[in-house]
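What follows is a set of notes on a single structure, which appears directly below.
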Amino acid sequence: MTIRVIIVDDQAMVRAGFAALLAAQSDIDVVGEAPDGRAGVDVARSTHPDVVLMDVRMPEMDGLAAARELLHPPVGVVHVPKVLMLTTFDVDDYVYEALRAGASGFLLKDAPPADLIAAVRVVAAGEALLAPSVTRRLIAEFASQRQAPRKDPSLRLNGLTPRETEVLELIARGLSNQEIAAHLVLAEQTVKTHIGRVLSKLALRDRAQAVIFAYESGLVRPGAADS
């Protein structure tokens, strides 16, 4: 199955470079590009991409606002793509808010070409791009700037079984399914089942939102992800 991608970035050379790299892959099809967030939303609505590569800082409409529009569309708009944020900065408040809004992760613009290709495939498959330690540091840093955990998230944790709560904590610490399975001595398929139940019970979109939820509920404390 071919992954349909659009690239939204205000730098023409970045768009051209990413497009050439991705289009050279047999399983990826670049179906559009845009120079700002507003145009990006319009292109996404007309081309129905699987993944949107979204720059964080752009004129007209920044990447955060555009991501929110795509991930929380108005009534009548059915297609909701995955959004992968692109940033020059490894710690950026915009990125944290984008993850909260439902973005599937973020990638530094100077990442190796292989990382970009892998990121598109990971996000298209429904996973969140949260493995790099820089992402965990980002979430921990901005979660630490928030006030005490909100009552609603902490109460929602009560709906999880002890095992599901344990799995959620390990997700927030940046462990992969395989690592969680090894840690808990479970089959990887069992871990996937637990994760599915966690996301369903907490009404979360993906692993990215699960990590945010774990911090905001107080299940995981800032700084714990790197321990």
* **Which residues share a salt bridge (charged side-chain N to carboxylate O under 4.0 Å, His left out) with Asp29, sequence neighbours left out** => none
* Of Lys109, Met54, Glu33, the residue whose pairing with Asp9 passes side chain to side chain contact (heavy atoms under 4.5 Å, CB included) -> Lys109
* Would you call Ser104 and Leu84 a side-chain contact if the rule is heavy atoms closer than 4.5 Å? -> no
* Run the numbers on Leu53 and Val5 for side-chain contact (heavy atoms from CB on, under 4.5 Å), then give the verdict. => CA-CA 7 Å; Leu53 294 179; Val5 177; 4.2 Å; yes
* To do: Using atom types as modelled and distance alone, determine if a side-chain donor or acceptor of Ser200 lies under 3.5 Å from a backbone N or O of Gly196.
  => no
* Check: Val167 main-chain N/O paired with His194 side-chain donor or acceptor under 3.5 Å -> no
* For Ser46, all residues meeting side-chain contact (heavy atoms from CB on, under 4.5 Å), sequence neighbours excluded -> none
* Asked: Does some side-chain heavy atom of Val198 sit less than 4.5 Å from a side-chain heavy atom of Arg163?
  -> no
* hydrophobic_cluster_shared for Val77 and Val8, side chain cutoff 4.5 Å -> no
* Return the set of residues passing ring pair (Phe, Tyr, Trp, His ring centres under 6.0 Å) with His79 (not counting sequence neighbours), or none when no residue passes. => His48
* **Sequence-distant partners of Arg45, salt bridge (charged side-chain N to carboxylate O under 4.0 Å, His left out), two or more places apart** => none
* What residues form a side chain to side chain donor-acceptor pair (under 3.5 Å) with Arg38, not counting sequence neighbours? -> Glu69
* **From CG (Leu108) to CG (Asp115), nearest 0.5 Å** => 9.5 Å
* So, Arg57 and Asp10, do they make that salt bridge, N to O below 4.0 Å? -> no
Name the atoms and distances for all side-chain donor-acceptor pairs under 3.5 Å in residues 179-191, with sequence neighbours left out.
| from | atom 1 | to | atom 2 | distance (Å) |
| --- | --- | --- | --- | --- |
| Glu179 | OE1 | Ser176 | N | 2.8 |
| Glu179 | OE1 | Ser176 | OG | 3.4 |

* Carboxylate-amine/guanidinium contact Asp27 Arg121, below 4.0 Å -> yes
* To do: Report the C-alpha distance between Leu22 and Val120 in whole Å, list the side-chain angles of each, state the deciding distance to 0.1 Å, and finish with yes or no for side-chain contact (heavy atoms from CB on, under 4.5 Å).
  => CA-CA 9 Å; Leu22 295 173; Val120 168; 4.1 Å; yes
* Structure fact -> Residues at least two apart in sequence or cross-chain that pass salt bridge (charged side-chain N to carboxylate O under 4.0 Å, His left out) with Glu169, listed by chain then number, are Arg173
* Asked: Sequence neighbours excluded, which residues qualify as salt bridge (charged side-chain N to carboxylate O under 4.0 Å, His left out) partners of Arg197?
  -> none
* With sequence neighbours left out, what residues match Asp62 under side chain to side chain donor-acceptor pair (under 3.5 Å)? -> none
* Asked: Quick one: side-chain contact (heavy atoms from CB on, under 4.5 Å) partners of Leu21, sequence neighbours excluded?
  -> Pro113, Leu116, Ile117
* **Closest contact, heavy atoms only, Ala101 versus Arg68** => CB-CG, 3.7 Å
* Indicate the atoms forming the closest heavy-atom contact of Met58 with Asp36, along with that distance. => SD-CA, 3.8 Å
* To do: Could you walk me through whether Leu71 and Val80 pass the side-chain contact (heavy atoms from CB on, under 4.5 Å) test, one step at a time?
  => CA-CA 6 Å; Leu71 296 167; Val80 179; 4.2 Å; yes
* With sequence neighbours left out, what residues match Leu199 under side-chain contact (heavy atoms from CB on, under 4.5 Å)? -> Ile195, Leu204, Ala210
* Asked: Can you list the residues that meet the side-chain contact (heavy atoms from CB on, under 4.5 Å) rule with Thr47, with sequence neighbours excluded?
  -> Arg4, Ile6, Val31, Val43, Pro49
* Asked: Does the side chain of Phe18 reach to within under 4.5 Å of the side chain of Val30, using non-hydrogen atoms?
  -> no
* **Any Phe106 side-chain heavy atom under 4.5 Å of Val56 side chain** => no
* Identify the two heavy atoms, one from Ala119 and one from Leu107, that lie closest to each other, and give their separation to 0.1 Å. => CB-CD2, 4.1 Å
* **Derivation and outcome, side-chain contact (heavy atoms from CB on, under 4.5 Å), residues Leu168 and Leu160** => CA-CA 9 Å; Leu168 174 58; Leu160 302 182; 4.0 Å; yes
* To do: Measure across Val52 and Ala44 and return the closest heavy-atom pair with its distance rounded to 0.1 Å.
  => CG2-CB, 4.5 Å
